[in-house]
Amino acid sequence: MKHSTRGYNQYFVMIIILLLGLVFINSCQKNRVEYTRAALIQDLEAGEVTEVIIHQNRETPTGYLDIDLKTKGDRTLYATDIRELEELVRSYGVEPQVLDVEPEPWFFTSVLPVLIVVIVGVFMFVMMNAQNAGGGNSSRMMNFGKSRARLSVVGEGKITLKDVAGLKEEKEELQEIIDFLREPGKFTRVGARIPKGVLLEGPPGTGKTLLAKAIAGEANVPFFSISGSDFVEMFVGVGASRVRDLFEDAKRHAPCIVFIDEIDAVARRRGTGMGGGHDEREQTLNQLLVEMDGFGVNEGIIVMAATNRVDILDPAILRPGRFDRKVAVGAPDVGGREDILRVHARNKPLSDDVDLKQIAQTTAGFTGADLENLLNEAAINAAKENRVYVAQEDIKKAFIKVGIGTEKKSRIISDKEKKITAYHEAGHAILFHVLPDVGPVYTVSIIPTGIGAAGYTMPLPEKDEMFLTKGKMLQDIMVSLGGRIAEEIIFDDITTGASSDIQKATKVARKMVTRFGMSQNIGVINYDESDDEVFIGRDLAHTRSHSEAIAGEIDKEVKAIIDDCYARAKSIITEHESVLHKAAALLLEREKITRAEFEALF
Ligand code: ADP
Ligand code: MG
Ligand code: ZN
């Protein structure tokens, strides 16, 4: 620290000297011997003035001017009136010489020097900062190659498997890793080979990072974590040296866990990507593979990595002796969601009306991170209303906020719009209620959401499905079309409000035809090419694998499915037209109705 302070002072002194120098030069130009008007008259009377040179600025003839007097020496008088002075000098018999002077460009005389000083100063400051930021006596510029891994010390506040809710199978799969880290001898004794690398794969927010930390916590070993994007820096060669550094550190601390989060940033399939120029990443990946091959089996280092894009990983990374253990971390099921809610409700006092089980049922598709966010929003809401417990009302509000956008009662919508929305949502709701494999309805609302939906009808799925049946998919399409159908029946006119419904229905129908083999005429063949769309680099030239004739046939099938669903849905809604009217009226009155209120209408 001492060293860097001195460095700081040196530069400071240099800047001051520079500034003083400039001031000095500037003043030298102007500061000749001072002369007054009275002194001039005195000298004229004494007959000592031999020569007068008036430096007159053409731009400002009556303005500022200097006069050089050839007396005993050079003197300058600054005057404001030339003519008066000229006459004064002439009256003593001296003929003044008048020289025209170009005005000095102000930019060069006053702005430029200051500018130079400022630029030099700023440059030095930046340099200094770059050198000092590294801290201690090592400068940061020299330090780019060092690993940025964070070593979390085991001990207080550590995360254990108790903090990871759900994920039962995943935890079981990882149990042997924990056992190994705790007691390596037990495994090496019988010659068992423990995987070097474990790849956690799953959508964002499902708890991969959490799980890796929990394993380190559970086994009580050091945890080195680094994110894949940390490897990819601006200087070539840095990534590779970081990897080397990281593993050197890890070897010293074995047994331990090295966790590489978002490994897809480095371990992308090589030789791909648009525009090339990914040598840096390739070098980093190669170094990683070299390191993983380099340390022996059972050396006590377990490399864990997480990704949500296992499909874009370089296959080399998945070879035996590298990440040969893959653990899929999926979105939680109903039970898992309830467990996760319980974990995050531990430090939040809940009121009696909060039913975590029921929340879990309404949150199909939510990840652990979403659920954590949900409860947090609810707690914030409770705090805003100065309550010391979280009520069901808070959770409802949070649900709408995280799930659908912010509830906006303030937006003014016309009565007509409101009415259309009410019938539209009631149409969805009736189908949810009547059709056996979808729904039941949890809430119906015509309160506009923050993200542009005029209303929503939320189902309450009673179980998570492993796979969809054809019947359920058809019913999903019918439900999607229900809004539009209700509009058509009641208003004899239709709106643009159903566009996302239509899009959804079409998507499902197309998938049924091209992917799931659920149509008669197309048969059980996959024509779905949307798989790798994200991965532009690999197949930039996207080619269709089937003929125009098949494409036409697919379109025909999709249309047939939609048309059929439309007709069936329309007959159901027409059959329950009285409910449609009642539901819409109730919605217009209350803006939002619950399952019980809705079902009472039948
Ligand atoms: P990922 O790494 O898969 O993107 P994280 O592990 O970072 O997800 O999870 C983000 C947050 O979500 C965690 O900090 C935790 O609060 C919450 N979370 C996710 N999954 C779970 C779970 N199974 N149990 C408890 N909390 C979870
Ligand atoms: Mg993560
Ligand atoms: Zn709709």
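Note that ligands are numbered from 1 as they come in the structure, with each ligand's atoms numbered from 1 the same way. Note that the coordinates shown come from a computational prediction; the quantities given were computed from them, not determined experimentally. What's counted below: heavy atoms across the whole structure, side chains too, no hydrogens, waters or symmetry copies.
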Asker: Any atoms of ligand 1 less than 4.0 Å from a non-hydrogen atom of Ala165? List them with their elements.
Answerer: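 It comes down to these atoms of ligand 1: 22 (C), 23 (N), 24 (N), 25 (C).
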Asker: Please work out which of Leu210, Thr307, Leu200 has its closest non-hydrogen atom nearest to atom 6 (O) of ligand 1.
Answerer: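 Shortest heavy-atom distance from atom 6 (O) of ligand 1: Leu210.
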Asker: For ligand 1, which part of Asp339 has a heavy atom less than 4.0 Å away: the side chain, the backbone, both, or neither?
Answerer: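 Asp339 to ligand 1: no contact under 4.0 Å from either part.
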Asker: Should one rank Gly368, Ala214, Ala212 by closest heavy-atom distance to atom 19 (C) of ligand 1, which comes out on top?
Answerer: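 Closest candidate by heavy-atom distance is Gly368.
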Asker: Residue-level breakdown please: for Glu372 versus ligand 1, do any non-hydrogen atoms fall below 4.0 Å on the side chain, on the backbone, on both, or on neither?
Answerer: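 The answer is the side chain of Glu372.
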Asker: Between Glu597 and Thr594, do the side chains contain a donor N or O and an acceptor N or O under 3.5 Å apart?
Answerer: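 Short answer, yes.
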Asker: For ligand 1 and Gly166, I'd like to know whether there is a polar contact (N/O to N/O, distance under 3.5 Å).
Answerer: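 For ligand 1, there is no N or O atom that lies under 3.5 Å from one belonging to Gly166.
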Asker: Can you find an N/O atom of Thr206 closer than 3.5 Å to an N/O atom of ligand 1?
Answerer: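 Yes, at least one N or O pair falls under 3.5 Å.
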Asker: Is the shortest N/O to N/O distance between Gly207 and ligand 1 below 3.5 Å?
Answerer: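 The answer is yes, given that Gly207 and ligand 1 share an N or O pair closer than 3.5 Å.
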Asker: Tell me, yes or no, whether the heavy-atom count around Glu599 atom CD, taken from other residues, nucleotides or ligands under 6.0 Å, exceeds 12.
Answerer: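 Counting other residues, nucleotides and ligands, CD of Glu599 exceeds 12 neighbours.
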Asker: Nearest protein heavy atom to atom 10 (C) of ligand 1, by residue and atom, and its distance?
Answerer: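 Nearest protein contact, heavy atoms only, for atom 10 (C) of ligand 1 is Ala369 CB, 3.9 Å.
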Asker: N/O of Thr209 under 3.5 Å from N/O of ligand 1, yes or no?
Answerer: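 So ligand 1 has an N or O lying under 3.5 Å from an N or O of Thr209.
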Asker: Among Arg342, His344, Glu170, Lys171, which one puts a heavy atom closest to atom 16 (O) of ligand 1?
Answerer: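 Checking each option, the heavy atom nearest atom 16 (O) of ligand 1 is found in His344.
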Asker: Should we say atom NZ of Lys419 is surrounded by more than 12 heavy atoms from elsewhere, each under 6.0 Å from it?
Answerer: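 No, because the 6.0 Å sphere around NZ of Lys419 holds 12 heavy atoms or fewer from other groups.
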